[in-house]
Amino acid sequence: MNRVALITGINGQDGYYLSRFLKSKNYEVHGITSCSKPGIGEPPKNCHYCDFAEGSNLNKIINEVQPDEVYHLAAQSHVRLSFDLPVYTAEVTGVGTLRLLEALRYYEEQSQKKVRFYQASSSEMFGKVVESPQSETTPFHPRSPYACAKVFSYWQTINYRESYGMFACNGILFNHESPRRGEAFVTRKITKAVARIKLGMQDKLFLGNIDAKRDWGFAGDYVEAMWLILQQDQPDDFVIGTGETHSVREFLEAAFNAVDLDWKKYVEIDPQYYRPAEVELLCADPSKAREKLNWKTKVSFEELAQLMVEADMKLTQQEKILGDATS
Ligand code: F7E
């Protein structure tokens, strides 16, 4: 019998890569989404609707799906937006995890079946970092409503493991990007603008703090780490990242270089993109994942910028052709 996986937030970037990865391993994949459209690449029969701000049908979905593994990726995941929607973010990104853990605890009790649970924890929890690089033992100092909500979920996951013996794990993932990344995140905002500028559809790109540094990897590599975390003998928490840090400025350089343009001619700073509190520097120490999971990133920083620009060039060219044909 195929193993059954339930992915919350199936419509997001990570949901896309993870469902493909699990299908390649012959899992029966089910997804939860809050959107009114069926999940990308997901047949409607395996798509379930639930908003984690509310969660009243979670028990029903879990009873129907009977999952072996649950990957909890759903969140209000935009850090800047969380300052405007702090309570909503706390509900979805924080209390939403608790709703799911409670539903799983109840399901385990009723069915006598064990479920493996993955919580999408975030490097944003390290916030105003007390040491660099950051490992599983680095204390948290969250700097946004989003990061506070993720810290809440991180500890709830550990509490359910320790209190009820659940196989509940945290993957503390550093920034991971791809052509499927939402356009409000800085890497995709940049690669989309690069393509539009190159094709003469946009003149300027407005950004906030371009001195911020992040540990950026390719999302396709990171979903394998999620799966590996749930295949261990014991439940545990892991930092997942590249171990390299780069500024937004360096990403700009790499992305504009990919189409032979000088970023300085096109980029302007707009304070509306500054955050009330910024996370200046993140850099992972992924030694534990390397040793215990035998996991490491395969795509370099330059390759990541290049592949995202190439994908946006293709997409934007198609949009341009469509736009020209309909105008
Ligand atoms: O910002 C700076 C911004 O929004 C990166 C989420 O997936 O990763 C992500 O969180 C940096 C920040 O990602 C703009 O101030 C400058 O320092 O791409 P981002 P994030 O906040 O690091 C973690 C791991 C998560 O868990 C989150 O869910 O770039 N920046 N100018 C800008 N950022 C944006 N979005 N837009 C700008 O115009």
Side-chain angles (χ1 to χ4, degrees), residues 9 12-17 72-85 89 92-94 96-97 119-129 134 140 142-154 170-178 180-194 202 204-219 222-223 225-226 238-242 245-255 263 266-284 286 297 301 304-305 308:
Q13 165 188 265
D14 292 3
Y16 170 81
Y17 286 105
H72 184 39
L73 313 181
Q76 189 305 95
S77 66
H78 200 279
V79 176
R80 174 70 193 82
L81 186 63
S82 78
F83 287 98
D84 297 329
L85 300 175
T89 303
V92 175
T93 308
T97 309
Q119 163 61 14
S121 281
S122 163
S123 55
E124 283 295 303
M125 301 189 304
F126 297 120
K128 193 174 179 192
V129 296
Q134 297 85 47
F140 300 139
R143 296 267 279 174
S144 62
Y146 167 79
C148 292
K150 282 287 183 187
V151 171
F152 174 87
S153 291
Y154 169 89
N170 285 287
I172 307 175
L173 267 56
F174 283 63
N175 298 53
H176 44 287
E177 320 292 311
S178 75
R180 296 256 165 190
R181 186 59 144 150
E183 291 170 16
F185 297 95
V186 79
T187 54
R188 185 72 203 290
K189 183 174 168 182
I190 292 171
T191 58
K192 189 157 196 264
V194 164
Q202 184 174 328
K204 291 280 175 209
L205 167 61
F206 295 94
L207 292 173
N209 176 15
I210 62 172
D211 292 317
K213 290 183 158 180
R214 290 290 184 276
D215 179 325
W216 277 296
F218 173 56
Y222 285 46
V223 297
M226 297 177 186
F238 290 90
V239 156
I240 304 295
T242 69
T245 188
H246 296 273
S247 62
V248 175
R249 199 182 281 271
E250 284 171 75
F251 192 88
L252 277 169
E253 211 161 270
W263 69 271
Y266 305 97
V267 173
E268 283 183 19
I269 302 302
D270 184 339
Q272 74 158 303
Y273 297 112
Y274 288 151
R275 293 164 185 195
E278 175 64 283
V279 172
E280 296 292 347
L281 163 78
L282 290 174
C283 183
T297 42
F301 175 74
L304 177 64
M308 287 178 70

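One-based numbering, in listed order, for ligands and for the atoms of each.
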(message) Yes or no: does L173 have any heavy atom under 4.0 Å from an atom of ligand 1?
(response) yes

(request) Please identify which atoms of ligand 1 are closer than 4.0 Å to at least one heavy atom of E278. (result) 3 (C), 12 (C), 15 (O), 17 (O)

(request) Can you sort out which atoms of ligand 1 are near S122, meaning under 4.0 Å from one of its heavy atoms? (result) 23 (C), 24 (C), 25 (C), 26 (O)

(message) Distance check, rounded to the nearest 0.5 Å: S178 atom OG versus L304 atom CG?
(response) 8.5 Å

(request) For S123, counting its heavy atoms only, list the atoms of ligand 1 lying under 4.0 Å from any of them. (result) 24 (C)

(request) Could you tell me the residue and atom name of the protein heavy atom closest to atom 10 (O) of ligand 1, and the distance to it rounded to 0.1 Å? (result) V79 CG2, 3.7 Å

(request) Examine V186 against ligand 1 and note whether any of their N/O atoms are separated by less than 3.5 Å. (result) yes

(message) To the nearest 0.5 Å, what is the distance between CG on L73 and CE on M226?
(response) 5.0 Å

(request) Say whether R181 and ligand 1 are in contact under the criterion: heavy-atom distance to a ligand atom below 4.0 Å. (result) yes

(request) Using a 4.0 Å heavy-atom cut-off, say whether V248 meets ligand 1 through its side chain, its backbone, both or neither. (result) side chain

(message) Check the orientation of Y222 and H176. Use parallel for under 30°, tilted for 30 to 60°, and perpendicular for over 60°.
(response) parallel

(request) Go through the steps to decide whether Q134 and F174 satisfy the test side chain to side chain contact (heavy atoms under 4.5 Å, CB included), and finish with yes or no. (result) CA-CA 10 Å; Q134 297 85 47; F174 283 63; 3.4 Å; yes

(message) I'd like to know if R214 contacts ligand 1, where contact means a heavy-atom distance under 4.0 Å to any ligand atom.
(response) yes

(request) Provide the number and element of each atom of ligand 1 under 4.0 Å from a heavy atom of A212. (result) 17 (O)

(message) Would F185 count as a polar contact of ligand 1, with the cut-off being nitrogen or oxygen pairs under 3.5 Å?
(response) no

(message) If the contact criterion is a heavy-atom separation under 4.0 Å, does Y274 count as touching ligand 1?
(response) no

(request) Name the closest protein heavy atom to atom 38 (O) of ligand 1, giving the residue it belongs to and the distance to 0.1 Å. (result) K189 NZ, 2.7 Å

(message) Among T93, N209, L205, which one puts a heavy atom closest to atom 16 (C) of ligand 1?
(response) N209

(request) For Y273, counting its heavy atoms only, list the atoms of ligand 1 lying under 4.0 Å from any of them. (result) 38 (O)

(request) Would you mind checking which non-hydrogen protein atom is closest to atom 35 (N) of ligand 1, with the distance to 0.1 Å? (result) A184 O, 2.8 Å

(request) Measure the distance from atom 20 (P) of ligand 1 to every protein heavy atom, then report the residue, atom name and distance (to 0.1 Å) of the closest one. (result) N175 ND2, 3.7 Å

(message) Is the ring pair F251/F301 parallel, tilted or perpendicular, if the boundaries are 30 and 60 degrees?
(response) perpendicular

(message) Give me the nearest non-hydrogen protein atom to atom 19 (P) of ligand 1 as residue plus atom name, then the distance to 0.1 Å.
(response) R275 NH2, 3.7 Å

(request) Establish, from distance only, whether the side-chain atoms of N170 and Q119 form a donor-acceptor pair under 3.5 Å. (result) no

(message) Quiz question: by atom type and distance under 3.5 Å, do the side chains of D215 and T242 form a donor-acceptor pair?
(response) yes

(message) Do K189 and Y273 form a cation-pi contact, if we require the NZ or CZ to be under 6.0 Å from the six-membered ring centre and within 45 degrees of the ring's axis?
(response) yes

(message) Main chain of Q76, side chain of T93: is a donor-acceptor contact present, judged purely on distance under 3.5 Å?
(response) yes

(request) Quick one: pull up CZ in R181 and CD1 in I190 and give me the separation to the nearest 0.5 Å. (result) 12.0 Å

(request) Indicate whether any N or O donor in one side chain lies under 3.5 Å from an N or O acceptor in the other, for S153 and T97. (result) yes

(request) Show which atoms of ligand 1 fall inside a sub-4.0 Å distance from at least one heavy-atom site of G208. (result) 14 (C), 16 (C), 31 (N), 38 (O)

(message) Under 4.0 Å, counting heavy atoms only: does H176 come that close to any atom of ligand 1?
(response) no

(request) Scan E124, E280, E177 and name whichever one has a salt bridge (Lys or Arg N to Asp or Glu O under 4.0 Å) with R214. (result) E124

(request) Pull out every atom of ligand 1 sitting under 4.0 Å from any heavy atom of H78, numbered as shown with elements. (result) 35 (N)

(request) May I ask you to check whether over 12 heavy atoms, not counting those of K128, lie within 6.0 Å of atom NZ? (result) no

(message) I'd like to check which ligand 1 atoms, numbered from 1 as shown, lie under 4.0 Å from a non-hydrogen atom of S77.
(response) 6 (C), 27 (C), 28 (O)

